[in-house]
Amino acid sequence: MTPTGTTVITGRARAWAELLRVSALASVPGDALAGAATAGTRPGRGTLWAIGASLCLYEAGMALNDWADRDEDAAERPHRPLPSGRITPTAALAASAAMTATGLGLASRAGRPALAVATALATTVWAYDLGLKHTPAGPATMATARALDLLLGATATTPTPRRAFRSLPSAALLGAHTYAVTAVSRHETHGGSTRTPLAALAVTLTVAGTLTARTPHSPPPGPPAPRPRPTLPFPIPGTHPRTHPGRPHSSGRPRLGPRLGPLLALAYARTPATLLLHAALNPSAALTERAVGGGIRATIPLQAALAARAGATGTALGLLGLVPLARALARKVSPT
């Protein structure tokens, strides 16, 4: 009995979905959106170009990762698309090169500064997959890539590159989380590590604690600010402040973001904490892999917390909408 055309197409789509780890894609757009928020600007056209570039470069890294690890996967994970023969190594490498070129092309539409950051990001991704992944520098390299992805969103959105420097602290927090998840992932095939999940848990709690500290929008210590002048109960034509993409947030209204931030920080910490603790108490390959998946999913509430901490409540709430999508996709395709 020969397979039908529909079965073949479905099988190929499934293979590419596994190769590209599409269930982890929901964690990517938040990098650019958090970058724009932490730079103090609203998302605009440049942010969309940055999101497109990030998605392409992320998937390029996934395909290149399996191409570079095809011999190792043949021994340890023969069910993966390349060792099982469902996708050829040539096709995976070509897809990675094509998506890298596409990602750089999309970044160039957001301007030269964004292209420069995207080029650094692409270089970091290729360096990680082709050589640094299995070295002590592997987690730091992956952390650098994720931090650059957030800075790509900031650079692509801000009217001047200097404003993107405001996003450096948030990029560092995202990088610290990525470092911890990557360090744990090095043990997901064989397990056997107790210290690494515990260290990752400590990093997670530290990042969450930093997010709940005084935010940049909190009033500085000192005498209380003067009471605002009374305002009319209706706007005067021509005086209502307007906001535009790429311009600073309006500060005329009290913000929910600083209040929402601690709640999102708690949600971020809660997502991987239990799984990391289980992996530390029973360092099996299965529990370690689950902890890595939880760390990947925790990226979304972390991005939302960063946006809320910067006062971008709408962006933060919008990112939370990606959590159910990530969970649904993870049930069908493993993110690791």
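For the numbers below, each heavy atom of this structure counts, side chains included, while hydrogens, waters and symmetry mates do not.
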- Item | Ala92 to Leu82 - nearest heavy-atom pair and separation | CB-CD1, 4.0 Å
- Rounding to 0.5 Å, atoms CD (Glu188) and CD (Glu76) come to a distance of 10.5 Å
- If you look at every heavy atom in Ala208 and Ala269, which pair is closest and at what distance? CB-CB, 3.8 Å
- Message: More than 12 heavy atoms of other residues, nucleotides or ligands under 6.0 Å from CZ of Arg77: yes or no?
- Response: yes
- Message: So does Gly35 get a backbone contact from the side chain of Ser167, meaning a donor-acceptor N/O pair under 3.5 Å?
- Response: yes
- Message: For a side-chain contact (heavy atoms from CB on, under 4.5 Å) check, start with the C-alpha distance between Thr313 and Leu260, then their side-chain angles and the critical distance, and finish with the verdict.
- Response: CA-CA 8 Å; Thr313 307; Leu260 181 63; 4.0 Å; yes
- Would you check if Ile51 and Val28 make a side-chain contact, meaning some heavy-atom pair closer than 4.5 Å? no
- Message: Please say yes or no: joined through hydrophobic side-chain contacts below 4.5 Å, possibly via intermediate residues, are Val203 and Leu201 part of one cluster?
- Response: no
- Go through the steps for Leu319 and Leu322 under the test side-chain contact (heavy atoms from CB on, under 4.5 Å), then give the verdict. CA-CA 5 Å; Leu319 286 173; Leu322 295 175; 4.0 Å; yes
- Is any side-chain heavy atom of Leu33 less than 4.5 Å from a side-chain heavy atom of Gln303? no
- Message: Would you say Leu325 ends up clustered with Tyr58 if hydrophobic residues are merged whenever their side chains have heavy atoms under 4.5 Å apart, either directly or through other cluster members?
- Response: yes
- Beyond-backbone contact of Arg186 with His134, side-chain heavy atoms, under 4.5 angstrom: no
- Task: Give a yes or no on whether the backbone of Leu152 and the side-chain of Thr155 come within a donor-acceptor separation of less than 3.5 Å.
- Result: no
- Can you check side-chain contact (heavy atoms from CB on, under 4.5 Å) on Arg297 and Arg327, steps first, answer last? CA-CA 8 Å; Arg297 292 193 301 274; Arg327 289 178 178 174; 4.3 Å; yes
- Query: Is there side-chain contact between Leu150 and Thr38, with heavy atoms separated by less than 4.5 Å?
  - Reply: yes
- Heavy-atom pair with the smallest gap, counting every atom of Leu55 and Pro29: CD2-CD, 4.3 Å
- Task: Determine the minimum heavy-atom distance between Ala154 and Ala39, stating which atoms define it.
- Result: CB-CB, 4.0 Å
- Message: Quick one about Thr41 and Thr157 (side-chain donor to acceptor, distance below 3.5 Å, no hydrogens or angles considered), yes or no?
- Response: no
- Query: Do the non-hydrogen side-chain atoms of Leu302 and Leu211 ever get within less than 4.5 Å of each other?
  - Reply: yes
- Verify the distance criterion only: is there a donor paired with an acceptor across the side chains of Asp149 and Ser54 at less than 3.5 Å? yes
- Within the side chain of Thr88, is there an N or O that forms a donor-acceptor pair under 3.5 Å with the backbone of Ala91? yes
- Task: Work out which heavy atom in Cys56 is nearest to a heavy atom in Leu106; give both atom names and the distance.
- Result: SG-CD1, 4.0 Å
- Query: Can Arg45 be said to sit on top of Trp49's aromatic six-ring, NZ or CZ under 6.0 Å from centre and within 45° of the ring axis?
  - Reply: no
- Message: Checking the side chain of Ser27 only, and the main-chain atoms of Ala24 only, is there a donor and an acceptor separated by less than 3.5 Å?
- Response: yes
- Ignoring hydrogens and geometry, is there a side-chain-to-backbone donor-acceptor pair from Thr135 to Leu132 under 3.5 Å? yes
- Measure the OH-CE distance between Tyr128 and Met142 for me, rounded to the nearest 0.5 Å. 4.0 Å
- Message: Counting neighbours of CZ on Arg21 that are heavy atoms of other residues, nucleotides or ligands and sit closer than 6.0 Å, is the number greater than 12?
- Response: yes
- Message: Within the 3.5 Å criterion, strictly below it, is a donor on Arg86 or Ser84 matched to an acceptor on the partner's side chain?
- Response: yes
- Message: Between Leu25 and Leu20, is there a side-chain heavy-atom distance shorter than 4.5 Å?
- Response: no
- Main-chain N/O of Val333 paired to Ser23 side chain as donor or acceptor, under 3.5 Å: yes
- State yes or no: do Met62 and Val22 share one hydrophobic cluster built from I, L, V, M, F, W and Y residues joined by side-chain heavy-atom distances below 4.5 Å, directly or via other members? yes
- Message: Does any part of the side chain of Asp73, heavy atoms only, come nearer than 4.5 Å to the side chain of Pro78, both counted from C-beta?
- Response: no
- Flag side-chain contact, heavy atom, 4.5 Å: Glu289 against Ser334: yes
- Query: For the atom pair CG (Leu57) and OG1 (Thr102), what is the distance rounded to the nearest 0.5 Å?
  - Reply: 9.5 Å
- ILVMFWY network linking Val207 to Leu174, side-chain heavy atoms under 4.5 angstrom: yes
- With a 4.0 Å cut-off, would you call Arg80 and Asp69 a salt bridge? no
- Between NE2 on residue His278 and OG1 on residue Thr288, distance to nearest 0.5 Å: 12.5 Å
- Query: Got a second to check how far Leu276's CG is from Leu287's CG, nearest 0.5 Å?
  - Reply: 11.0 Å
- Message: Checking His177 against Val181 for the side-chain contact (heavy atoms from CB on, under 4.5 Å) test, could you report, in this order, the C-alpha distance in whole Å, the side-chain angles of both residues, the deciding distance, and whether it holds?
- Response: CA-CA 6 Å; His177 168 74; Val181 175; 3.7 Å; yes
- Any idea which heavy atoms bring Leu264 and Ala304 closest together, and the distance? CD1-O, 3.4 Å
- Stepwise side-chain hydrogen bond (donor to acceptor under 3.5 Å, both in side chains) test for Ser96 and Trp67: CA-CA 9 Å; Ser96 178; Trp67 180 86; over 6 Å; no
- Enclosure of Arg109 CZ (heavy-atom neighbours >12, cutoff 6.0 Å): no
- Item | Joint hydrophobic cluster, Leu205 plus Val292, side-chain heavy atoms closer than 4.5 Å | yes
- Item | Approximate separation, where rounding is to 0.5 Å, of Tyr268 OH and Thr299 OG1 | 8.0 Å
